[in-house]
There are 2 protein chains.
Amino acid sequence: MTIPRAAKTLRRTRIQEEKEEQILEAALDVFSASGFRGSTIDQIAEVAGMSKPNLLYYFRTKEAMHRALIDRVLYTWLEPLRAFDAEGNPETEIRSYIRRKLEMARDFPRESRLFANEVLQGAPHIEDELKGPLKELVDEKAEVIRAWAKSGKIVTCDPYHLIFSIWSTTQHYADFDVQVRAVLGQEHSGEGRFEDAARFLEQLFIGGLRPDPLEA
Amino acid sequence: MTIPRAAKTLRRTRIQEEKEEQILEAALDVFSASGFRGSTIDQIAEVAGMSKPNLLYYFRTKEAMHRALIDRVLYTWLEPLRAFDAEGNPETEIRSYIRRKLEMARDFPRESRLFANEVLQGAPHIEDELKGPLKELVDEKAEVIRAWAKSGKIVTCDPYHLIFSIWSTTQHYADFDVQVRAVLGQEHSGEGRFEDAARFLEQLFIGGLRPDPLEA
DNA sequence: GGATAATTTGACCGATTGGTAAACATTACA
DNA sequence: TGTAATGTTTACCAATCGGTCAAATTATCC
């Protein structure tokens, strides 16, 4: 009697690693484009270039695939915020945070859309991650920002809404890419638009956060 | 022999108007929560409180429902941008644009999510609207902003990315509501968060766009 | 009130959904 | 090289999908 579920084997074989990688890559394609409910196992199987039962041999359910994908992507996704350094200079820290987030929007748009789809549809699968690890990390960084404001390095402002505004403005270029391209027209839709966006956003945030000269 | 399709009758009856209203209301609920592909006619029928064939009597296909919803919502959705006035004072115009967009995010989050879902998933049903009416309106308002910059009323900046950043920061509070609530925690998730957001965003944009004193 | 048009429903259709069973093929390892 | 574990496929399942049909019901108007 064989135990046919890869998940139940203790040692991961070479084939397992390769195929799981292949599947998650395809799943990222599909989930990020259609959301969880709108995606089908057949689609993922086709993109992955394998049969549906074969795919289900590695991930027992559609949920399991989604789960694995979220887990893998979440850590990387929070990396830029984690790099936010309390000791650094506020201006350079904010500038490089914007840069990093914009680079992620440019280089990993599917990952951004995966989360966007999930959150947009009520975050039924990642509620715990949002209320747990994410909130804790944001709380911590919000304190850093508050300290900067208190010491007069930046203007007094709500640190949470500051973080939200950096998230939204940068991820916009991944999540709403079609709209951005449509509005900019073909001539400005090249990769240069990320440079333009970076320049504008740095200008906006550095200018908008400059400490009030009256208080100085 | 009756002509059983409401769409083919010339005069709209009272019942038709009521039921179509009822259906679109339900469709907005469902489409905004799951996107087009992830939504089912059965779900909409259940929310609308009528049988599926009855629903299909008023809208022949799922696409037709979606189409009608998009058409109805698009005009209203662009209203704030249309109100952007070239003659007005830049600071008050931008301030009130932010206010209006935030109010829409607060009062019509489903409409925002309907578009967000659509654009996020590649805008397969509204590509023409984006490249046509939307682009034209944005082009027009971008010129207004450029003129303000040229006359030194605001800092020189890319008007398109300015508009994108106002869209993204404001709509964030509708589209990513779950995340915002999760991060802010229960204590700050009341309606007051929109006031906080408005205060921060006005501060950010007014400060970030203040004309460079060196050029003055 | 009766004729006619408009509305509603239950039963149903083929296609697709997520997922399974079991036979078959391949790999790893002694 | 044999064999047991791992991997793959074909055929299939019940449930749900978008949508149709004809019959039944209700509203409208003379």
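We use all heavy atoms of the structure for the numbers below, so side chains are in, but hydrogens, waters and symmetry mates are not. A, B, ... follow the sequence lines: proteins, then strands. Residue 1 opens every chain.
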Rounded distance in Å - [atom1] ([X]) to [atom2] ([N]):
| X | N | atom1 | atom2 | value |
| --- | --- | --- | --- | --- |
| A/E17 | D/dT6 | CD | P | 15 Å |
| B/E46 | D/dC17 | CD | P | 11 Å |
| A/Q43 | D/dC17 | CD | P | 16 Å |

Exercise for review: Please state whether the base of D/dG7 and the side chain of A/K19 form at least one donor-acceptor pair under 3.5 Å?
Suggested key: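 Result: no qualifying N/O pair found.
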
Of the listed nucleotides ([options]), which one gets closest to any side-chain atom of [X]?
| X | options | result |
| --- | --- | --- |
| A/N54 | C/dG10, D/dT9, C/dG19 | D/dT9 |
| A/Q16 | D/dG18, C/dT8, D/dT6 | D/dT6 |
| A/K52 | D/dC17, C/dG19, C/dA6 | C/dG19 |
| B/L56 | C/dG18, D/dG18, D/dT20 | D/dT20 |
| A/K62 | D/dG19, C/dG18, C/dT20 | C/dG18 |
| A/P53 | D/dT9, D/dG18, D/dG7 | D/dT9 |

Exercise for review: Hey, could you give me the CG/CD distance between A/N117 and B/Q121, rounded to the nearest 0.5 Å?
Suggested key: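 It is 5.0 Å, given to the nearest 0.5 Å.
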
Exercise for review: Mind telling me whether B/H66 and B/F31 have parallel, tilted or perpendicular rings, with 30° and 60° as the class edges?
Suggested key: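 Taking B/H66 first and then B/F31, their aromatic rings stand perpendicular (interplane angle over 60°).
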
Practice item. Just call it for A/T40: base, sugar-phosphate, or nothing, with non-hydrogen atoms closer than 4.0 Å on any strand. Key: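 Sugar-phosphate contact only - A/T40 comes under 4.0 Å of backbone atoms but never of a base.
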
Practice item. Check whether any side-chain nitrogen or oxygen of A/Y57 sits under 4.0 Å from OP1 or OP2 of C/dT20, and answer yes or no. Key: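 Looking at the OP1 and OP2 atoms of C/dT20, neither is under 4.0 Å from any side-chain N or O of A/Y57.
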
Exercise for review: Step through it carefully: locate the ring centre of A/W148, locate the ring centre of A/F84, and say whether they are under 6.0 Å apart.
Suggested key: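 Yes, the ring of A/W148 comes within the 6.0 Å limit of the ring of A/F84, centre to centre.
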
Practice item. Answer yes when A/E202 and A/R99 have at least one side-chain N-carboxylate O distance shorter than 4.0 Å, and no when they do not. Key: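 So A/E202 pairs with A/R99 through a salt bridge.
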
**Study point:** Which residue lies more 5' along DNA chain D, comparing A/R37 with A/L55 via nearest heavy atoms
**Key:**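 Checking each residue's closest nucleotide, the 5'-ward one belongs to A/L55.
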
